[in-house]
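Bear in mind that the values here come from a model prediction, so they are computed numbers and not experimental data. Any value given below was found using the heavy atoms of this structure, including those in side chains, with hydrogens, waters and symmetry copies removed. Atoms within a ligand are numbered from 1 in the order they appear, just like the ligands themselves.
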Amino acid sequence: MNRPLGWGIIGTGLIASLQTTDLLKAGLHVAAVGSRKQISADLFGERFAIPNRHGSYEALVQDSDVDIVYVATPHPMHIDNALSAIAAGKHVLVEKAFTINAAEAHSIVNAARDAGVFVMEAMWTRFLPSMVRVMELVRSGMIGTPRVLLADHNQYIPYEKAPRLHELHLGGGALLDLGIYPISFASSLFGKPATITAKAILTDLGADVLTSGIFEYTDGAQAVFQAGFLTPGPNMATIVGSDGYIVLDGVWYKQTGFSRYDRDRQIVERYINTAEGRGMEYQALEVERCVKEGLSESLMMPLAETVTIMETMDEIRRQIGLVYPK
Ligand SMILES: NC(=O)c1ccc[n+]([C@@H]2O[C@H](COP(=O)([O-])OP(=O)(O)OC[C@H]3O[C@@H](n4cnc5c(N)ncnc54)[C@H](OP(=O)(O)O)[C@@H]3O)[C@@H](O)[C@H]2O)c1
């Protein structure tokens, strides 16, 4: 293929705008946008100078200028959007939460494997230079054996500000939108939890607005997370190891600085973030690298781990009584 890979955006909401901004910033080619309404596709296309503008998601996935589809719809729609893109032979980047439950995640992964296309969950935080550096330090033993993760994700988001986040038919609730970040972080540090304990407050609509949990791992490590819409929060994360600890500045899941401490609680390393912008281009560059190398998944966000994370969230939902309509 002599042309650059073409991205096709499904959905024209908040995150579609932010990801498109960063794709263009990185010099990647956004070939098309698809919306449920032609007018929305036209407005989005005009705003970002995207050449192909489709009034349906099906037309977007059938567009021969599109090689990689980015799914930026609410989580309950991810399964249909991803499956139709895969059926059209496209590679797919699916927003987090990947799906509503693990069964749906399995379906996407199986379909992608059968079709031989690349699929990845858009857990953009993992690809940020600051987070890559944190993981390098942990994996090279700079804080000894990691034992504990403490991480929160709180944003004050009342119903009026974002109904999607509170409506169950749109996948509402803090767990899948915010909790996914510390849960995914815990997964990257410790793997699959051996035990899961969670508590939550649900609204009258049935969505969780304050959810906390403890994961225990077979090696004795623990992760403690908290996510909610009721208050703004520090949004800080600390990884505690046998020889020291790393404190990520708020907002830990964005491009940020961090400090590494020794056993005597002295700062021995300070990482200052100098990168500008949101940094969603890093995950897109990883998608392009994998696609160009003929890989069907990224080692930085493996599909089996995405499914395990959905299984963890299924168990939390069971414990807190968060039930999505079928
Ligand atoms: N990575 C991040 O930092 C981040 C941040 C926020 C959200 N997200 C994730 O991105 C996804 C979308 O979130 P968002 O905040 O961008 O949502 P949003 O602003 O409400 O946009 C969602 C878009 O999905 C499309 N859509 C399809 N079916 C829909 C339906 N029944 N109701 C409403 N919209 C529908 C709409 O596009 P059309 O009208 O054009 O079809 C809409 O603009 C979620 O899975 C969320 O978790 C990720």
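When only non-hydrogen protein atoms are considered, atom 3 (O) of ligand 1 lies nearest to Arg278 NH2, 2.4 Å. Regarding atom 37 (O) of ligand 1, its nearest protein heavy-atom neighbour is Thr12 N, 3.3 Å. In this structure, atom 19 (O) of ligand 1 lies nearest to the protein heavy atom Leu14 N, 2.9 Å.
No side-chain donor-acceptor contact under 3.5 Å links Asp262 to the backbone of Gly244. Judged by distance alone, the side chain of Ser40 and the main-chain N or O of Arg36 form no donor-acceptor pair under 3.5 Å. In terms of modelled atom types and a separation under 3.5 Å, the side chain of Glu297 and the main chain of Leu303 share a donor-acceptor contact.
Heavy-atom proximity to atom 36 (C) of ligand 1, evaluated over Arg36, Gln19, Lys96, is greatest for Arg36. Among Met77, Glu167, His75, Gln38, the residue whose heavy atom sits closest to atom 45 (O) of ligand 1 is His75. Around atom 43 (O) of ligand 1, the closest heavy atom drawn from Ala16, Ala97, Gly13, Ser35 belongs to Gly13. Which of Met280, Arg164, Met123, Glu95 comes nearest to atom 7 (C) of ligand 1 through a heavy atom is settled by distance: it is Arg164.
For a threshold of 3.5 Å applied to N or O pairs, the pair formed by Ser40 and ligand 1 contains no separation below that value. Considering backbone and side-chain N/O of Ile15, one or more are found under 3.5 Å from N/O of ligand 1.
Side-chain contact, Asp208 with Thr211: a donor N or O sits under 3.5 Å from an acceptor N or O.
Ring centroids of His78 and Phe98 are separated by 6.0 Å or more, keeping the two rings apart. Aromatic ring centres of Phe185 and Trp252 lie closer together than 6.0 Å. Phe48 has its ring centre less than 6.0 Å from the ring centre of Phe44.
Near Leu170, meaning under 4.0 Å from any of its heavy atoms, are these atoms of ligand 1: 30 (C), 31 (N), 32 (N). Close contacts between ligand 1 and Trp124 involve ligand atoms 1 (N), 2 (C), 3 (O) [criterion: under 4.0 Å to a heavy atom]. With ligand atoms numbered from 1 in the order given, ligand 1 contributes 37 (O), 40 (O) to contacts under 4.0 Å with heavy atoms of Gly11. Near His78, with a cut-off below 4.0 Å to any heavy atom, the atoms of ligand 1 are 45 (O). Counting atoms of ligand 1 from 1 in the listed order, those under 4.0 Å from a heavy atom of Thr73 are 11 (C), 12 (C), 24 (O), 25 (C), 27 (C), 44 (C), 45 (O).
The side chain of Asp177, and not its backbone, has at least one atom closer than 4.0 Å to an atom of ligand 1 (non-hydrogen atoms only; side chain from C-beta on). The backbone of Ala72, and not its side chain, has at least one atom closer than 4.0 Å to an atom of ligand 1 (non-hydrogen atoms only; backbone = N, CA, C, O). Within the 4.0 Å heavy-atom criterion, the part of Tyr57 lying near ligand 1 is the side chain and not the backbone. Only side-chain heavy atoms of Tyr181 come within less than 4.0 Å of ligand 1; its backbone N, CA, C and O stay farther off.
Within 6.0 Å of CZ on Arg270 lie more than 12 heavy atoms contributed by other residues, nucleotides or ligands.
Every residue was checked against the side-chain hydrogen bond (donor to acceptor under 3.5 Å, both in side chains) condition with Arg139, not counting sequence neighbours, and none meets it.
Interatomic distance, Ser130 OG to Met135 CE, rounded to the nearest 0.5 Å: 12.0 Å.
Here side-chain hydrogen bond (donor to acceptor under 3.5 Å, both in side chains) pairs that include residues 212-221, with residues two or more places apart or in two chains, are Thr195-Glu216.
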